[in-house]
Protein chains: 2
Amino acid sequence: MIGKLDRSASREDRTAAILDAAWVLAGRDGVAGLTLRGLARELDLSQPSLYEYFESKHALYDALFADGNRQLLGRLENLRLPTDPRRAVKVVLRAFVEFALADEARRQLLFHRPIPGFVPSPESYAIAEAVLARGVDVLEAAGVDDPADVDCIIAMVAGLIDSQASNDPGGTRWTRHLDRLVDLYLDNPRKDAR
Amino acid sequence: MIGKLDRSASREDRTAAILDAAWVLAGRDGVAGLTLRGLARELDLSQPSLYEYFESKHALYDALFADGNRQLLGRLENLRLPTDPRRAVKVVLRAFVEFALADEARRQLLFHRPIPGFVPSPESYAIAEAVLARGVDVLEAAGVDDPADVDCIIAMVAGLIDSQASNDPGGTRWTRHLDRLVDLYLDNPRKDAR
DNA sequence: GTCTATACATCGATAGAC
DNA sequence: GTCTATCGATGTATAGAC
């Protein structure tokens, strides 16, 4: 039991409490292992009542997707960035990596497609795009003006995150190379424009 | 209908035919969308009869995992490698990338965990490790003697594959940078040993 | 809003006849 | 080996009482 749903709370707070419980269950049983019956049980709520908050299971996943991306966007926006653009890149990417690796279920839902048939709604996806835009901003400020170089850096970071999560969860075997690789990519743009 | 199971064939051949049909269905409906009923229907077989060939759905996934890795290992072993070690690295990694991107269902099953609760058996995983060992071999021949550098290159390749598959399936937006990035990594080992 | 109860679909898996 | 029949779980959705 995670905790009974507080009926005296506002609808907004109840919805948030449901999402929190869903994150806990997704962490315990996997994102795809989340069931409405199980979620309702943890909240001491009947399964049909969940439909008062989410019109379908996909809508619940969509709310989780949006919730996770909002967490990430908030984290990135609250960073105190160094004035040095290159150090700012490292701070932002490090925060991104740590966020992604802090919660396995969240990582899967936000950065992969663990639910067959589930595609985020345009509104939710817009939040994910705002996150990406934040990364592109700091990269451009650091002189990465070629979109191809942005692509390569994003892919490098994604590769580190996935390798870390898949092969050494909780460790630093891959993530410890982030700063060095950032320098490597920043020092070697596609067209050596010097 | 993919094709009736040939009852006069050997058990081995029948098992292989089931796996072939499973790949087709996984490609059509997604790895997680594969169902025993659907598979049996395509083979004109009853669903419980599949249990004569695989003791569980997980065992079927395990056989697919082993099958896909055997395909990849065979592909890598049959490559004609250039004598130049660096060019050999590029040929092997390029073959790896192309194999991964040639079949979306296979990519997901071999390189991710799309099925909650499914973990490859030690026997099947050994084949995947043999694939990895092949990559490590050519990298070492090209002078990559630091395991950390091997990790970074593998993660870079994985990042390119995932970005390509997720954001530009069928295209070359990320994979076109493979050779350049291989050079970048090979030219910049972790400890600049010059 | 929340509940009980229910309907209908899917799925993996098993029992037991042949 | 193959089949039919079945079980218990799931998700989706609805009806209707309170």
Side-chain angles (χ1 to χ4, degrees), chain A residues 1-19 21-22 25-26 28-65 109 113-119 121, chain B residues 1 3-19 21-22 25-26 28-65 105 109 113-119 121:
Chain A
M1 174 69 74
I2 292 165
K4 294 179 65 149
L5 191 61
D6 180 5
R7 262 71 167 190
S8 68
S10 68
R11 182 184 174 91
E12 190 177 328
D13 286 349
R14 276 174 289 159
T15 303
I18 293 172
L19 289 181
L25 282 192
R28 202 179 63 190
D29 307 325
V31 185
L34 185 63
T35 71
L36 294 182
R37 280 179 171 83
L39 179 57
R41 196 183 318 124
E42 293 298 326
L43 292 161
D44 199 25
L45 188 73
S46 74
Q47 173 252 326
S49 290
L50 285 173
Y51 282 80
E52 290 290 323
Y53 299 90
F54 304 99
E55 67 178 7
S56 69
K57 194 183 185 188
H58 273 19
L60 171 63
Y61 279 128
D62 195 56
L64 287 171
F65 181 86
L109 186 58
R113 289 291 126 82
I115 309 301
F118 165 62
V119 181
S121 64
Chain B
M1 175 70 76
K4 294 179 63 149
L5 191 60
D6 181 3
R7 261 72 168 191
S8 68
S10 68
R11 183 184 174 90
E12 190 178 329
D13 286 350
R14 274 174 292 159
T15 303
I18 293 173
L19 289 181
L25 283 191
R28 202 180 64 189
D29 307 324
V31 185
L34 183 63
T35 70
L36 294 181
R37 279 179 171 82
L39 179 56
R41 196 183 321 122
E42 293 298 327
L43 293 162
D44 198 26
L45 190 72
S46 75
Q47 174 250 326
S49 290
L50 285 173
Y51 283 79
E52 289 292 322
Y53 299 90
F54 304 97
E55 68 178 6
S56 69
K57 195 185 185 187
H58 274 18
L60 171 64
Y61 280 127
D62 195 55
L64 288 170
F65 180 87
L109 186 58
R113 290 291 126 82
I115 309 300
F118 165 61
V119 181
S121 64

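Numbers restart at 1 for each chain; the letters A, B, ... are given by sequence-line order, proteins then strands. Quick caveat, the model's predicted, so the values are computed rather than measured.
- The cationic atom of A/Arg113 (NZ for Lys, CZ for Arg) does not lie both less than 6.0 Å from the six-membered ring centre of A/Phe118 and within 45° of the ring axis.
- In this structure, A/Ala17 and A/Leu43 approach most closely via the heavy-atom pair O-CD2, 4.2 Å.
- Close to D/dT2, at under 4.0 Å from its OP1 or OP2, lies a side-chain N or O of B/Tyr53.
- Going from atom CG of A/Asp44 over to atom P of C/dT2 covers 12 Å, rounded to whole Å.
- For A/Arg11, taking side-chain heavy atoms from C-beta onward, the closest of the listed nucleotides C/dG1, D/dG1, D/dC3 is C/dG1.
- B/Leu36 has its CG atom 16 Å from the C1' atom of D/dC7, to the nearest Å.
- Within the 4.0 angstrom heavy-atom criterion, no nucleotide atom of any strand lies near B/Leu50.
- For A/Leu39 and D/dT10, the CG to C1' distance is 15 Å, given to the nearest whole Å.
- Here the P atom of nucleotide D/dG1 and the CG atom of B/Leu43 are 15 Å apart, to the nearest Å.
- Heavy-atom minimum distance, A/Arg14 versus A/Asp6: CG-O, 3.4 Å.
- Positionally, the nearest nucleotide of DNA chain C for A/Arg14 lies more toward the 5' end than for the other of B/Leu34 and A/Arg14.
- Residue A/Gln47 places its CD atom among more than 12 non-hydrogen atoms of other residues, nucleotides or ligands, all under 6.0 Å distant.
- Side chain of B/Asp62 to main chain of B/Ser121: a donor-acceptor pair is present (N/O by atom type, distance under 3.5 Å, no hydrogens or angles).
- Nucleotide C/dG12 holds its C1' atom 16 Å from the CG atom of B/Leu25, rounded to whole Å.
- A sub-4.0 Å separation between OP1 or OP2 of C/dG12 and a side-chain N or O of B/Tyr51 is absent.
- The stretch residues 56-64 of chain B has no heavy atom under 4.0 angstrom from DNA chain D at all.
- A salt bridge does not link B/Glu42 to B/Arg37: none of the charged side-chain nitrogens sits closer than 4.0 Å to a carboxylate oxygen.
- Here the side chains of A/Leu45 and A/Leu50 are in contact, with some heavy-atom distance below 4.5 Å.
- Closest approach to the B/Pro48 side chain among D/dT4, C/dC11, D/dG1 is made by D/dT4 (side chain taken as heavy atoms from C-beta onward).
- Across the protein-nucleic acid pair, B/Gln47 atom CD and D/dT6 atom C1' stand 11 Å apart, rounded to whole Å.
- As rounded to whole Å, 12 Å separates atom P of D/dT2 from atom NZ of B/Lys4.
- Within the 4.0 angstrom heavy-atom criterion, no nucleotide atom of any strand lies near B/Leu5.
- At a threshold of 4.0 angstrom between heavy atoms, the contacts of B/Ser49 include nucleobase atoms, whether or not backbone atoms are also involved.
- Taking side-chain N and O atoms only, A/Arg7 has a distance below 4.0 Å to OP1 or OP2 of C/dC3.
- If you check every strand for non-hydrogen atoms under 4.0 Å, B/Phe54 touches nothing.
- Residue A/Ser46 is classed as a base contact, given a heavy-atom separation below 4.0 Å to a base.
- Residue A/Arg37 is in base contact, counting any heavy-atom pair closer than 4.0 Å across all strands shown.
- Figure legend: B/Arg11 and B/Tyr53 shown as a cation-pi pair, the cationic atom lying under 6.0 angstrom from the six-membered ring centre and within 45 degrees of its axis.
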